[in-house]
Amino acid sequence: MTASPTHARPVIGIGVIGFGWMGQAHSRGFRRIPSFFQQRPADPRLVICSDTIAERRAEAVDGFGFESATGDWHDVVDHPDVQIVIITTPNMLHLQIVQAAAANGKHVFCEKPVGGTPAQTVAAELAARQAGVISGVGYNYRWVPLVQHAKAIIDAGRIGTITNYRGRFLSNYGSDPLGLLSWRFLVDQAGYGVSTDILSHSMDLAMFLNGPISSVTGLGTTFITERPLPSVGGTHYDRGKPGDPTGTVTNEDWFGAITKFANGSVGTFEACRSMVGPESQNAFEIFGTEGSITWNFEKMNELQVYFANGTKETGYTTVFGGDRFPFHGNFVPGNANSIGFEDLITIEDSEFLRAVAERRAYNPGFEEAVDFVSVQDALLRSWESGRWVDVISLRVPAGAPT
Ligand SMILES: NC(=O)c1ccc[n+]([C@@H]2O[C@H](COP(=O)([O-])OP(=O)(O)OC[C@H]3O[C@@H](n4cnc5c(N)ncnc54)[C@H](O)[C@@H]3O)[C@@H](O)[C@H]2O)c1
């Protein structure tokens, strides 16, 4: 850390690996921290960025103000001025970068789900812990101000005892058969399909709001088995043309699950990337003996609440986002002035920077990432066996032989 010349505030060097959608979103997030979070213990400095695509490296320097860019990610984890490494590459590259960064004493923020398989997430958590570095995982939907409010309502007992939970993440990013065969559709680059990609968000939110999941039954399937091959840099939002050469999708489009939670409640989950209709429906409905709460990312700035209040003469009430809820006022004052997706990324980047500056753990860190893949591991076993299975925590206890 060096001191900021203007504010006598420490400056923390940031290195970003993978400059696609999320690499750019986090880079903007760090750049925006000083103007949105006046009360901050440190300032970020965009030191070095890595991507295999030359145009993206040029954009990182020219458009985002990185001091340098490289085609070799090792230059980022080896850079003496980098204290935090942000990992936003395809999933199957996460683990080797986490291990190299942690071995060099860098704090690591990795996009969800940290690795492409449960075993990789477990290994990443171990690497960070053994190196004594702070870890963070990109479960950004936890930071939605109204999701934080929902958690406060639940924790205060205002909807009574939770009986059942419905979680879903229904996206249309893969609903067009002409959508390119980008890395997300390939097991060797993404790991598993939606169970790794968007079910992870849905189940992380469920465990944040309703506690651990204890047993599951699950099923996955693929609806679109062939897709046009991409040219360099194509993403899951890009389209091919009829007649383009195609390749085979090697992971699942859809995953469904029934779960039991440790608190005695039950849940259902559905994640799909190739549905026609829903667009980015990361949503939950949580029902208790005294009320219920529903939220849908498609209307991120609205929460529906229902309080029975001992009478049936009631109904759902819409609560709009506003500066009385956590973080919202950092972006806009008043009520019903909306915030957006990248504001969530700025919040998590700010919270991670704060944790590093204060040398304390960040939540959700890699331990919470392991909590999701423990459930995913059970879901995959259930899919294979067709049976209910117990969730076995994959967290490696301190002092256990490795
Ligand atoms: N939290 C969220 O809401 C959210 C949303 C989207 C993606 N993600 C996660 O973010 C990660 C990246 O997803 P994305 O949508 O940004 O992907 P993307 O395809 O847009 O970007 C990935 C980038 O990594 C680069 N890359 C590939 N190999 C590389 C290497 N060896 N060295 C350096 N760069 C390399 C690619 O060129 C590309 O620019 C994934 O783990 C994904 O699960 C999270």
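Start at 1 and go down the list; that is how both ligands and their atoms are numbered.
Counting heavy atoms closer than 4.0 Å to ligand 1, residue T52 contributes atoms from both its backbone and its side chain. Only the backbone of F19 comes within 4.0 Å of ligand 1, judged by heavy-atom distances. The backbone and the side chain of K112 each have at least one atom closer than 4.0 Å to an atom of ligand 1 (non-hydrogen atoms only). No part of R57 comes within 4.0 Å of ligand 1, judged by heavy-atom distances.
Geometric assessment of R184 against the ring of Y173 yields a positive cation-pi assignment under the 6.0 Å and 45° thresholds. In this structure, R129 forms no cation-pi arrangement with F366, as its terminal cationic atom is not both closer than 6.0 Å to the ring centre and no more than 45° off the ring axis.
Ring-plane geometry between F325 and H149 is classed as tilted, the angle between the planes lying from 30 to 60 degrees on a 0 to 90 degree scale.
A 4.5 Å side-chain heavy-atom check between V332 and D323 finds every atom pair outside the cut-off.
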Under 3.5 Å, sequence neighbours excluded: what are the donor-acceptor pairs made by side chains of residues 390-401?
| unit_1 | atom_1 | unit_2 | atom_2 | d |
| --- | --- | --- | --- | --- |
| S393 | OG | R395 | N | 3.3 |
| R395 | NE | D371 | OD1 | 2.9 |
| R395 | NH1 | E367 | OE1 | 3.1 |
| R395 | NH2 | D371 | OD2 | 2.8 |

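Nearest to atom 29 (C) of ligand 1 by heavy-atom distance, out of L93, I53, V114, I17, is L93.
Heavy atoms of H201 come nearer than 4.0 angstrom to ligand 1 in at least one pair. In this structure, Y139 has no heavy atom closer than 4.0 Å to ligand 1.
The shortest N or O to N or O distance between D197 and ligand 1 is not under 3.5 Å. On a distance-only criterion, R56 and ligand 1 share at least one N/O pair closer than 3.5 Å.
With values rounded to the nearest 0.5 angstrom, H107 atom NE2 is found 7.5 Å from Q83 atom CD.
In the displayed structure, Y139 atom OH is contacted under 6.0 Å by more than 12 heavy atoms of other residues, nucleotides or ligands.
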